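Excluded from the calculations below are hydrogen atoms, water molecules and symmetry mates; all remaining heavy atoms, backbone and side chain alike, are included. Note that this is a predicted model, so its numbers are computed, not measured.
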Amino acid sequence: MLTNQIYLLFSAVLIALGLAAFFLARARASHLRMNGTAMVAQPDQYAWFSVLSTAGPALLAAALGAFVLLLLGADIPILYLLGASLAVAVIGLLVGLVQVRPDFHARQAIERVIHGILAAAALVSIVTTLGILISIVFEAVRFFQMQGFWDFITGTTWAPGNSFLAAAGRGAENASAAQFGSVPLFAGTFIITLIAMLVAIPVGLLAAIYMAEFAPARVRNLAKPVLEVLAGIPTVVYGFFAAITVAPIIVDVAGFFGLEASFNNALAPGIVMGIMIIPFISSLSDDVINAVPDSMRQGSLALGMTKAETIASVVLPAATPGIISASLLAVSRALGETMIVVMAAGMRPNLTANPLEDMTTVTVRIVAALTGDQEFESAETLSAFALGLVLFVVTLALNMVSVIMIRRFREKYRTNDL
Amino acid sequence: MHTNEDARHELSVRVRDLNLWYGNSQALKNVNIDVYQKNVTAVIGPSGCGKSTFLRCLNRMNDLIRNVRTEGLIEMDGRDVNEPRMDEVALRRRVGMVFQKPNPFPKSIYENVAYAPRMHDLVSRKAEQDELVEQALRDAGLWNEVKDKLQQQGTSLSGGQQQRLCIARAIAVQPDVILMDEPTSALDPISTATIEDLMDRLKQQFTIVTVTHNMQQAARVADYTAFFHLGELIEYNDTRMMFSNPHTKKAEDYITGRYG
Amino acid sequence: MHTNEDARHELSVRVRDLNLWYGNSQALKNVNIDVYQKNVTAVIGPSGCGKSTFLRCLNRMNDLIRNVRTEGLIEMDGRDVNEPRMDEVALRRRVGMVFQKPNPFPKSIYENVAYAPRMHDLVSRKAEQDELVEQALRDAGLWNEVKDKLQQQGTSLSGGQQQRLCIARAIAVQPDVILMDEPTSALDPISTATIEDLMDRLKQQFTIVTVTHNMQQAARVADYTAFFHLGELIEYNDTRMMFSNPHTKKAEDYITGRYG
Amino acid sequence: RDQVRIVGSSTVYPFASYVAEEFGATTDYPTPVIESTGSGGGLRLFCNGVGEGTPDITNASRRMKTSEFERCQENGVTDITEAKIGYDGIAFAQSSSNESLNLTREQLFKALAAKVPQNDGKNGEIVDNPYKKWSDIDSSLPDREIMVYGPPTTSGTRDAFEELVMEAASEDMDAYGGEAYTDIRSDGAYVDAGENDNLIVQRLSENTEAFGIFGYSFLEANTDTLNGASIDGVAPEPEAISSGEYPVSRSLFFYLKNQHADEVPAMYEYANLFMSEQMISPMGYLQGLGLIPLPEEERQAERDAVEGKEKLELSALK
Amino acid sequence: MSQSFDEITAQLRNRHRKSAWLKWVSMGALALAASFLVMFIADMLVKGLPAFQQAQIQVEVSYSERSQEMPPAAVSEDVHRLVSRGFLRTLPRRMRDNPDLMGVTRLEWVLADSAVDQYLKGNHSALKESQRPVIDELAKQGRAELKFNTRFFTSGDSKMPELAGIAAAAMGTVMTLIVTMLVCFPIGVMTAVYLEEFAYDNWLTRTIEININNLAAIPSILFGLLGLAIYINFFGVPRSTPLVGGLTLALMTLPVIIITTRTALRSVPDAIRQAAFGVGCSRWQVVRDHVLPVSLPGILTGSIIGMAQAMGETAPLIIIGMVAFIPDVSVSFTDAATVMPAQIFTWAGEPDRAFVEKTAGGILVLLAVLISLNATAVWMRKKFERRW
Ligand SMILES: Nc1ncnc2c1ncn2[C@@H]1O[C@H](COP(=O)(O)OP(=O)(O)OP(=O)(O)O)[C@@H](O)[C@H]1O
Ligand SMILES: Nc1ncnc2c1ncn2[C@@H]1O[C@H](COP(=O)(O)OP(=O)(O)OP(=O)(O)O)[C@@H](O)[C@H]1O
Ligand SMILES: [Mg+2]
Ligand SMILES: [Mg+2]
Ligand SMILES: O=P([O-])([O-])[O-]
């Protein structure tokens with residue numbers, strides 16, 4: 001294909017020019033130095049500078065051209081683009097050679113470029129966040145135009161059924177209008193998250209206390225990676241486990257106590273999600289507990305406190321902000337967890353507090369809406385983006401709080417550091 | 001081994017043939033020492049000679065370090081502190097400790113002092129507790145500075161104040177012996193002087209064993225001085241004797257600043 | 001301010017009105033000092049008085065610390081080291097540094113010494129490089145001990161050897177000035193003595209500025225001694241003068257061990 | 001491009017992937033890629049335009065809508081061929097430990113509608129659904145709690161069920177005055193069970209009280225554990241569905257993008273294989289997967305349409 | 001005034017008991033967490049191990065004109081329902097590729113239909129009552145056996161459970177991860193180096209730091225939306241391909257790599273940096289020659305963990321179309337592909353119950369890979385752990 005050949009040609013010429021730049025500049029610098037000129041940089045540094053000045057601008061020009069060409073749809077013949085960028089490369093080469101002067105700080109110049117590249121890499125993370133925002137905001141706004149932001153946030157009925165029919169052209173007059181009240185979805189999400197936390201926080205925290213304070217080194221070295229395996233198990237696998245193994249057990253157990261449990265009960269995904277999150281809590285808590293300076297423990301033990309008293313009244317209070325922040329991070333993981341609930345939780349927007357009933361979550365609805373059968377422009381499909389947006393905002397807020405908590409934690413024991 | 005046999009002092013801790021290993025490296029070699037009640041005993045010696053290790057033996061804080069092996073006798077009230085039936089928590093109540101870097105708990109000043117007595121059931125009513133806290137802070141010479149801000153964080157105090165808070169915390173449980181491991185090395189000269197004064201007063205009530213790397217400090221505060229070198233107790237004597245007329249060449253070299 | 005105006009020594013570094021702040025707290029106040037070539041200058045003073053800070057000004061290692069602000073003149077070869085066009089990397093080549101805790105690179109002994117000269121393009125051929133490494137190790141008094149194990153990790157050496165390796169590394173780039181920040185405080189007495197001897201020999205070639213908290217050490221090794229207190233240079237004088245007859249009360253108190 | 005790219009309905013997906021696999025195994029072409037995006041998602045991708053990145057075929061468990069057709073036209077997808085491959089019966093099934101059952105659509109409606117006419121039916125007032133047990137609706141029905149697992153609102157099966165059961169039943173009921181009423185109750189008697197019909201099947205064998213609504217293929221694959229209720233007296237059998245006797249069934253389609261025919265030659269080979277007798281006839285393989293075949297003449301007509309690349313016109317969709 | 005040891009010891013009894021209680025409870029919690037893992041793996045083993053065996057039967061296969069036309073005719077009437085269609089349908093091509101076969105009739109071990117397989121494994125089977133005695137008879141003669149299922153590791157997805165394998169998904173996983181690695185490793189390491197070694201402490205740096213923490217917490221499904229909107233719809237990257245999957249997962253893995261790399265960089269003692277600055281290194285030289293070499297094992301460990309996470313991810317891939325029916329092993333980054341967890345997800349949704357064991361079998365394979373990745377990371381961490 002033509003484009004492939006053009007890539008090939010471009011890279012080949014550029015590499016050739018780069019090599020030329022390297023050797024020419026180095027030769028020139030060595031020559032100057034041989035003649036006894038004192039130079040502020042070393043020949044290799046001049047050489048690398050020339051390579052940068054040859055390839056950098058050329059690559060930038062090519063990328064810019066390709067961008068204009070592909071995305072703005074401008075009509076530049078591709079050969080012109082190729083020629084132009086190679087011309088830039090040649091100019092860069094000449095500039096690089098001219099710069100082989102005794103008083104030119106080639107090393108500093110190179111390092112400025114490296115600094116720039118590193119900074120650009122750091123910006124990728126910001127661009128990613130913006131990208132996520134951009135990719136959900138527009139569709140979410142369209143949804144809000146159709147359905148109203150307030151109804152969405154405060155409504156307690158999620159009944160998109162009729163929007164589907166309306167889109168199918170058979171909306172019935174006496175049928176009630178579609179309702180997109182997201183409260184039941186968020187309630188379901190929070191209840192499942194709560195169940196997960198009720199499993200994960202006590203078990204995780206106690207396990208962390210054991211590992212950090214009691215366990216012999218051998219147990220600790222073994223337990224940590226073993227727990228990390230729990231965190232590494234893919235969530236589909238947990239989903240399968242929750243749906244096929246755990247849910248029926250819960251129904252049986254509930255039946256034994258004379259309770260009625262749905263097969264899509266919230267307990268199964270909640271518990272399994274909790275198991276998944278245990279290592280997350282335990283290893284973060286283990287870290288913060290270990291970060292509590294030993295001098296505090298010794299101070300307490302030297303007063304004749306038992307180990308448990310030391311843990312309860314000195315270590316844990318000092319570590320609390322860190323533990324809370326770990327838990328908040330865990331909460332945001334649970335809120336956004338998708339596969340477990342897709343496979344094991346129900347689809348019914350059900351505003352209830354009974355974990356034996358089935359309920360649905362935000363992520364389940366996002367997946368369902370985006371892989372469902374309605375028209376793409378229908379309100380139900382767009383609701384996925386609105387739900388995504390709210391989820392994004394919630395996790396963002398949780399994370400901010402946890403950042404603040406962590407900072408407070410650091411301050412707390414830094415003051416002791418004198 | 002030079003032990004001062006002065007009879008005006010009663011024995012508090014008796015150490016016989018104490019050896020200690022960290023893993024395979026021996027940190028204390030055959031140490032014999034008698035610590036006398038209501039005196040300040042200073043432990044000096046170059047860095048790494050085992051001063052802190054020795055101190056930690058006296059309240060079994062070494063138990064917290066892995067791979068430590070101890071041999072020999074440390075006797076308090078006629079009981080070997082290392083015997084299996086000895087509860088190290090009980091021991092530590094009777095042998096308090098103050099560390100090199102002040103380490104108040106991240107709690108209020110009041111709580112820092114009140115915490116241990118409450119846990120040990122030394123006080124039952126709030127009024128009693130208040131009284132005890134005040135007494136301990138007074139004894140530590142800190143009361144006047146903090147009496148208006150007892151609810152502030154202990155960590156908000158200055159270094160010297162923090163160290164005195166730690167001392168108050170230690171004396172609040174009414175121990176017999178207080179161990180201090182370089183209690184002034186992280187402090188400025190003025191705070192140092194305050195603490196030195198304090199030690200002088202506290203020895204009315206408590207037996208104090210302090211580690212210092214500062215010979216002048218030892219000379220100023222201690223009644224007895226023990227000089228360690230490479231894990232051995234080279235010389236132990238009345239402080240005045242030690243500084244004016246050291247028996248051993250090593251001690252003399254060290255005291256006159258020939259190394260260290 | 002007491003500056004020794006003895007003419008037999010040529011000026012190496014001239015410091016005028018040096019002030020330095022960490023954030024809002026001032027760590028150096030109006031320091032004026034002249035450092036003379038091929039002499040050992042000792043900087044003494046109590047903990048936290050700004051000794052290390054002062055030393056780090058001389059090769060701009062303070063640049064690496066956030067929130068530092070410097071004012072005043074530090075002149076080497078008639079050029080202000082703080083002027084914007086001064087390349088701090090070039091400066092550090094001329095002003096080497098040895099740290100309190102020996103910090104060899106986690107590389108072979110050979111590489112520890114050879115790395116910097118190679119990076120600075122001081123050597124071009126392998127033979128040249130070998131020669132330079134040998135010379136530096138000889139100068140640091142380490143050659144005989146390591147010549148058979150040049151490929152071993154630098155970190156496998158003992159503390160004293162590591163410190164000499166760091167000195168070899170510093171002198172391998174042929175600096176003018178070598179700064180040493182408490183170079184022996186982490187070492188045992190015997191290694192300390194070796195390093196002190198070494199400083200005595202090195203001053204034939206290099207200007208040495210060393211920080212120490214040990215007055216006896218200053219008395220032993222230094223030609224000039226500067227006494228800092230709370231960020232101020234209290235007294236600067238010929239070492240013998242300083243120790244026999246300090247001009248200021250503070251210096252006298254410190255030297256006689258009244259605090260610190 | 002050698003590889004055909006297919007998107008669309010999750011209902012057609014098992015059939016299409018079977019054909020695709022057969023196609024890959026018996027010809028030299030690579031196996032087509034089939035993504036189950038749902039009919040709507042599929043049509044959206046399909047109508048995005050012509051060219052490399054867009055799919056060649058989309059499956060649908062309903063007919064293309066006029067709005068979708070227009071979007072196709074706007075984006076230059078102007079030459080489309082429609083192929084109807086058969087029917088999908090929607091089964092109303094329960095664990096086979098129960099007696100098999102005969103239900104009318106009206107009974108189903110009463111069991112599942114959000115609001116129903118009041119019990120006496122005289123004044124026609126419409127009230128919240130009061131039925132808790134099947135026997136409340138009609139005493140001949142079993143004394144079992146009403147508990148139905150069914151597809152969620154995002155599913156085409158649900159759409160079809162609403163149209164064929166709810167709408168049809170309500171139009172015949174006086175109380176609604178001939179209007180369609182399709183709201184499904186959300187008080188727990190009806191449980192949205194996700195797209196994973198497998199789970200519904202499993203739930204039914206565990207919860208023998210309950211019923212499930214899903215594609216006939218799942219009933220077919222689980223005849224040992226499930227039995228399907230007859231609706232309006234007709235049992236869910238292939239013949240009954242294919243003849244239209246069984247009232248709850250819908251047509252399945254795929255759409256071909258003729259503009260890709262030159263670039264992706266495999267596309268028509270695949271389509272022809274799909275339309276061949278060995279696949280969609282009553283003796284064909286797909287029948288074993290639960291596809292209900294079209295009547296003979298209709299099959300022939302559809303096959304001809306595909307072979308002739310017959311162009312779909314807007315008027316046909318109305 | 002002060003109490004004797006015995007008095008104090010007596011008072012302490014109760015407090016010691018509480019202390020012991022905490023120890024046992026917390027140990028119990030750890031044991032509970034570990035037992036979850038054991039229970040879970042045991043459950044998967046029970047469900048999944050049968051997938052590694054598959055029934056084969058020995059039948060007479062006749063390669064003739066007739067079987068070229070009508071493959072089922074190649075075997076006798078009574079067994080042709082027992083033989084996998086996956087075997088029969090390939091007969092015409094085999095005969096075409098290898099004309100010598102024509103006219104040969106011989107006994108051959110052939111793949112059995114999954115109904116036979118399930119019947120032999122004692123599971124529920126769709127096998128008709130009438131055919132069960134046939135299989136019983138064959139089994140008695142040693143002509144129907146469960147054999148090791150190599151096909152599970154060498155072929156791709158199939159609608160027929162007896163043919164379905166994990167190979168295509170595994171290949172897709174490998175290619176996706178290559179893309180992920182190529183993108184997020186350099187960017188992640190560069191970001192970490194920038195933040196840890198170069199950046200000044202200003203609002204931009206702080207924003208980036210907070211933002212990285214946020215990215216780590218954002219639900220993975222939103223990355224799918226990003227992939228759909230930006231890569232597929234805006235940049236026109238082809239759907240369902242390892243390329244788009246890898247790019248999407250790269251952004252998701254980026255924070256993990258950045259955070260672990262920063263930890264690795266931070267664990268390099270400042271003494272080394274100071275030593276290097278002290279001999280006149282510039283920042284970049286310090287990083288290149290001293291910090292990176294020392295922290296490399298840590299960085300690699302972090303990357304392995306990041307990769308392991310990316311490997312188990314499914315939710316965002318649903319949205320960018322990688323959950324699809326893809327029987328062929330793809331060979332290019334722009335071919336459609338699926339990944340192992342997506343394959344598990346699709347199998348979990350198959351109507352045929354023979355897929356339950358395939359699902360669990362796939363899970364076992366995935367777990368094996370993940371555990372070995374984790375073990376490698378732990379091993380590396382141990383091996384290169386330094387004491388400064
Ligand atoms: N936890 C430990 N594990 C192993 N060795 C140790 C440990 N603590 C101390 N050591 C070693 O035991 C010896 C004595 O150490 P100790 O801390 O008692 O010395 P010190 O006299 O207090 O020194 P300093 O003046 O530096 O505090 C030293 O060689 C030290 O390296
Ligand atoms: N990075 C820093 N940020 C803020 N303050 C600092 C920093 N480094 C040192 N300081 C403060 O500056 C003052 C001088 O510190 P410096 O380290 O120079 O003292 P020093 O004389 O070397 O002490 P020492 O004998 O303990 O090494 C001290 O009060 C110290 O707390
Ligand atoms: Mg010590
Ligand atoms: Mg210092
Ligand atoms: O995916 P559907 O078949 O339900 O349209």
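Between chain E and the options A/Met339, A/Glu228, A/Glu337, heavy-atom pairs under 4.5 Å are most frequent for A/Met339. Between chain A and the residues E/Ile230, E/Ile221, E/Leu204, the most heavy-atom pairs under 4.5 angstrom are made by E/Ile221. Note: E/Met27 leads E/Met27, E/Met190, E/Glu197 in heavy-atom pairs under 4.5 Å with chain A. In terms of non-hydrogen atom pairs under 4.5 Å with chain E, the most contact-rich of A/Thr310, A/Leu123, A/Thr245 is A/Thr245. Interface remark: of the candidates E/Gly362, E/Ser282, E/Ala375, E/Ser282 forms the most heavy-atom pairs closer than 4.5 Å to chain A. Put simply, of E/Val25, E/Val323, E/Leu370, the one with the most heavy-atom pairs under 4.5 Å next to chain A is E/Leu370. Per-residue heavy-atom pair counts under 4.5 Å with chain A were compared for E/Ala229, E/Ser26, E/Ala20, E/Pro219, and the maximum is reached by E/Ser26. With chain A as the partner, the residue from E/Ile258, E/Val193, E/Thr359, E/Leu195 showing the most heavy-atom pairs under 4.5 Å is E/Thr359. With respect to chain E, the highest number of heavy-atom pairs below 4.5 Å among A/Ala120, A/Gly336, A/Ala122 belongs to A/Ala122.
Between the A/Arg333 side chain and the A/Ile277 main chain, no donor and acceptor come within less than 3.5 Å of each other.
Between E/Leu228 and A/Ser135 there is no side-chain heavy-atom pair separated by less than 4.5 Å. A heavy-atom distance below 4.5 Å is not found between the side chains of E/Asp43 and E/Met39. Side-chain atoms of A/Ile233 and E/Leu37, non-hydrogen and from C-beta on, do get closer than 4.5 Å to each other.
With a 4.5 angstrom heavy-atom cutoff, A/Leu227 touches chain E only via side-chain atoms. Contact annotation for E/Asn374: only side-chain heavy atoms (C-beta onward) come within less than 4.5 Å of a heavy atom of chain A. Of the atoms belonging to E/Ile210, heavy atoms from both backbone and side chain fall under 4.5 Å from chain A. Interface residue A/Ile132: backbone and side-chain heavy atoms are both found under 4.5 Å from chain E. Both the backbone and the side chain of E/Ile208 come within contact range of chain A, with heavy atoms under 4.5 Å apart. Of the atoms belonging to A/Ile311, it is side-chain heavy atoms, and not backbone ones, that fall under 4.5 Å from chain E. Interface residue E/Leu225: backbone and side-chain heavy atoms are both found under 4.5 Å from chain A. In this structure, the portions of E/Ile187 lying under 4.5 Å from any heavy atom of chain A include both its backbone and its side chain. For a residue to count as touching a neighbouring chain, one of its non-hydrogen atoms must lie under 4.5 Å from one of that chain's; by this rule E/Lys18 touches chain A with the backbone only. Using a 4.5 Å cut-off between heavy atoms, A/Ala119 contacts chain E through both its backbone and its side chain. In this structure, chain E has a heavy atom under 4.5 Å from the side chain of A/Met211, while its backbone stays farther away. Residue E/Met44 touches chain A through its side chain alone, counting heavy-atom pairs closer than 4.5 Å. For chain A, the nearby part of E/Leu32 is the side chain; its heavy atoms alone come within less than 4.5 Å.
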Name every donor-acceptor pair, under 3.5 Å, that has one atom in a side chain of residues 391-404 of chain A and the other anywhere in the protein, sequence neighbours excluded.
{"unit_1": "A/Thr395", "atom_1": "OG1", "unit_2": "A/Leu391", "atom_2": "O", "d": "2.9"}
{"unit_1": "A/Thr395", "atom_1": "OG1", "unit_2": "A/Phe392", "atom_2": "O", "d": "2.9"}
{"unit_1": "A/Asn399", "atom_1": "ND2", "unit_2": "E/Asn214", "atom_2": "OD1", "d": "2.3"}
{"unit_1": "A/Ser402", "atom_1": "OG", "unit_2": "A/Asn399", "atom_2": "O", "d": "3.3"}

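The pair E/Arg262-E/Glu209 meets the salt-bridge criterion, with a side-chain N (NZ, NE, NH1 or NH2) lying under 4.0 Å from an Asp/Glu carboxylate O.
By the 30° and 60° cut-offs, the orientation of the rings of E/Tyr200 relative to A/His115 is parallel.
Scored by the ring-ring contact (aromatic ring centres under 6.0 Å, His included) test, A/Tyr210 finds no partners at all (sequence neighbours excluded).
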Item to check | salt bridge (Lys or Arg N to Asp or Glu O under 4.0 Å) between E/Glu196 and E/Arg266, intermediate numbers included | outcome: CA-CA 7 Å; E/Glu196 216 40 55; E/Arg266 227 175 277 152; 3.3 Å; yes
Item to check | side chain to side chain donor-acceptor pair (under 3.5 Å) evaluation trace for E/Thr205 with E/Asn202 | outcome: CA-CA 5 Å; E/Thr205 316; E/Asn202 56 23; 2.7 Å; yes
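Under 3.5 Å, the side chains of E/Ser220 and E/Glu313 contain a donor-acceptor pair of N or O atoms.
Between E/Phe345 and A/Phe240, the ring centre distance reaches or exceeds 6.0 Å.
When every heavy atom of E/Leu254 is checked against every heavy atom of E/Cys184, the shortest pair comes out as CD1-O, 3.7 Å.
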